[in-house]
Amino acid sequence: LYDMVPAAKEAVKSGLPQATGVYTDKDGTWISAYATKLSSGSGGHNAVVEINYKIDTYLGRLREEMWIIITICFAGFLVVASIAYLMISQLAKAIQSLDRAAAELESEKYGTPISVRSDDEVGRLAQTFEKLRLSIKLKIEELRLSLTREKRAHMDSVIALTNAIEERDHYTKEHLNRV
């Protein structure tokens, strides 16, 4: 005579406790559980025990706590995003500075020091570029000094040859001086 819900039918059929999912009716939001009990009467019929629990209050608290958790997660995301932005912007500035320094080296301007200071890979790369810049600058100075010495030695050789020729021919000496 009694039209049982599917969970109650399953409890009677299997003999194991069953539960419904969360459901809503005109009186609120509920969860129900069903268990069978052997009747102590003469027929030995089974009885079904039904327990209904109204969960509106819990769902309301759960929604409030969910919004608190979402708010905390969003605030945490904003904090982490801000920190990441600051870190990335510092890294980008260091890389841009290193790029400008590389462009100056490429255009043969070796006088500007590379001033990227950090303890990461970009900082080590900047130190390597600075060593390269100083090495190139030193080699250029050595080449200039060597070129000056070479010009002076060449000129001394020409003067020595001119003096040797002067001893032989005075007219040639005047011509050599003019040349």
Side-chain angles (χ1 to χ4, degrees), residues 4-11 13-36 49-156:
M4 291 191 287
V5 296
K9 286 181 185 177
E10 183 62 31
K13 183 178 175 182
S14 68
L16 298 173
Q18 300 293 319
T20 64
V22 175
Y23 63 93
T24 304
D25 66 8
K26 63 180 174 56
D27 296 321
T29 304
W30 302 83
I31 188 166
S32 298
Y34 302 91
T36 59
V49 176
E50 178 181 20
I51 299 173
N52 296 315
Y53 196 74
K54 191 172 183 179
I55 59 171
D56 288 337
T57 307
Y58 296 110
L59 289 176
R61 281 184 38 206
L62 184 62
R63 283 187 194 98
E64 288 174 10
E65 289 177 8
M66 181 182 69
W67 281 111
I68 290 170
I69 291 170
I70 288 172
T71 303
I72 290 170
C73 288
F74 185 69
F77 169 77
L78 290 178
V79 168
V80 169
S82 298
I83 291 170
Y85 174 77
L86 292 175
M87 293 174 70
I88 290 172
S89 64
Q90 287 176 348
L91 179 63
K93 286 179 186 176
I95 290 173
Q96 288 171 345
S97 176
L98 195 55
D99 185 51
R100 284 190 298 272
E104 286 199 20
L105 288 177
E106 186 178 9
S107 64
E108 300 178 3
K109 296 177 184 174
Y110 305 109
T112 306
I114 299 170
S115 61
V116 174
R117 304 287 180 244
S118 64
D119 294 330
D120 57 5
E121 292 81 6
V122 175
R124 288 191 288 279
L125 185 60
Q127 290 172 356
T128 302
F129 267 116
E130 179 63 11
K131 288 177 186 175
L132 177 66
R133 181 193 71 82
L134 292 173
S135 175
I136 290 172
K137 186 177 177 182
L138 179 65
K139 294 298 178 188
I140 287 174
E141 291 301 318
E142 288 176 5
L143 285 172
R144 283 185 183 142
L145 183 60
S146 178
L147 183 61
T148 302
R149 286 187 197 140
E150 186 65 32
K151 284 181 180 179
R152 184 173 294 132
H154 186 258
M155 198 63 179
D156 288 345

Heavy atoms of other groups near M155 CE, more than 12 under 6.0 Å: no
Straight-line distance of I72 CD1 to E65 CD, nearest 0.5 Å: 10.5 Å
Tell me which donor-acceptor pairs under 3.5 Å the side chains of residues 17-32 have, and how far apart each pair is, sequence neighbours excluded?
{"residue": "T20", "atom": "OG1", "partner": "S32", "partner atom": "N", "Å": "3.1"}
{"residue": "T20", "atom": "OG1", "partner": "S32", "partner atom": "O", "Å": "3.4"}
{"residue": "Y23", "atom": "OH", "partner": "S32", "partner atom": "OG", "Å": "2.7"}
{"residue": "T24", "atom": "OG1", "partner": "T29", "partner atom": "OG1", "Å": "3.4"}
{"residue": "D25", "atom": "OD1", "partner": "D27", "partner atom": "N", "Å": "2.8"}
{"residue": "D25", "atom": "OD1", "partner": "G28", "partner atom": "N", "Å": "3.2"}
{"residue": "D25", "atom": "OD1", "partner": "W30", "partner atom": "NE1", "Å": "3.0"}
{"residue": "T29", "atom": "OG1", "partner": "D56", "partner atom": "OD1", "Å": "2.9"}
{"residue": "S32", "atom": "OG", "partner": "N52", "partner atom": "OD1", "Å": "2.3"}

Pairwise distance OG1(T128) to CG(L98) - rounded to 0.5 angstrom: 9.5 Å
Residue pairs involving residues 130-146 (criterion salt bridge (Lys or Arg N to Asp or Glu O under 4.0 Å); sequence neighbours excluded): E130-R133, K139-E142, E141-R144
With sequence neighbours excluded, residues passing side chain to side chain donor-acceptor pair (under 3.5 Å) with Q127: none
Qualifying residues under side chain to side chain contact (heavy atoms under 4.5 Å, CB included), relative to I69, sequence neighbours excluded: C73
Residues that R124 engages under salt bridge (charged side-chain N to carboxylate O under 4.0 Å, His left out), provided they are two or more places apart: E121
Contacts of type side chain to side chain contact (heavy atoms under 4.5 Å, CB included), residue A94, not counting sequence neighbours: V116, V122
Test side chain to side chain contact (heavy atoms under 4.5 Å, CB included) applied to I83 - qualifying residues, sequence neighbours left out: V79, M87
Residue pairs passing the salt bridge (Lys or Arg N to Asp or Glu O under 4.0 Å) test where at least one lies in residues 75-103, sequence neighbours excluded: none
V49 vs Y34, side-chain contact (heavy atoms from CB on, under 4.5 Å): CA-CA, chis, key distance, verdict: CA-CA 6 Å; V49 176; Y34 302 91; over 6 Å; no
Spacing of CZ belonging to R61 relative to CD1 belonging to I55, to within rounding of 0.5 Å: 12.5 Å
Side chain to side chain, D120 and L91, heavy atoms closer than 4.5 Å: yes
Set of side chain to side chain donor-acceptor pair (under 3.5 Å) partners for E104, sequence neighbours left out: T112
I136 side chain near I140 side chain, heavy-atom distance below 4.5 Å: yes
Pairing residues for R63 by the side chain to side chain contact (heavy atoms under 4.5 Å, CB included) criterion, not counting sequence neighbours: L59
Gap separating the OH atom of Y58 from the OH atom of Y53, nearest 0.5 angstrom: 3.0 Å
Atom pair CD1 (I88) and OH (Y85), whose distance is rounded to the nearest 0.5 Å: 10.0 Å
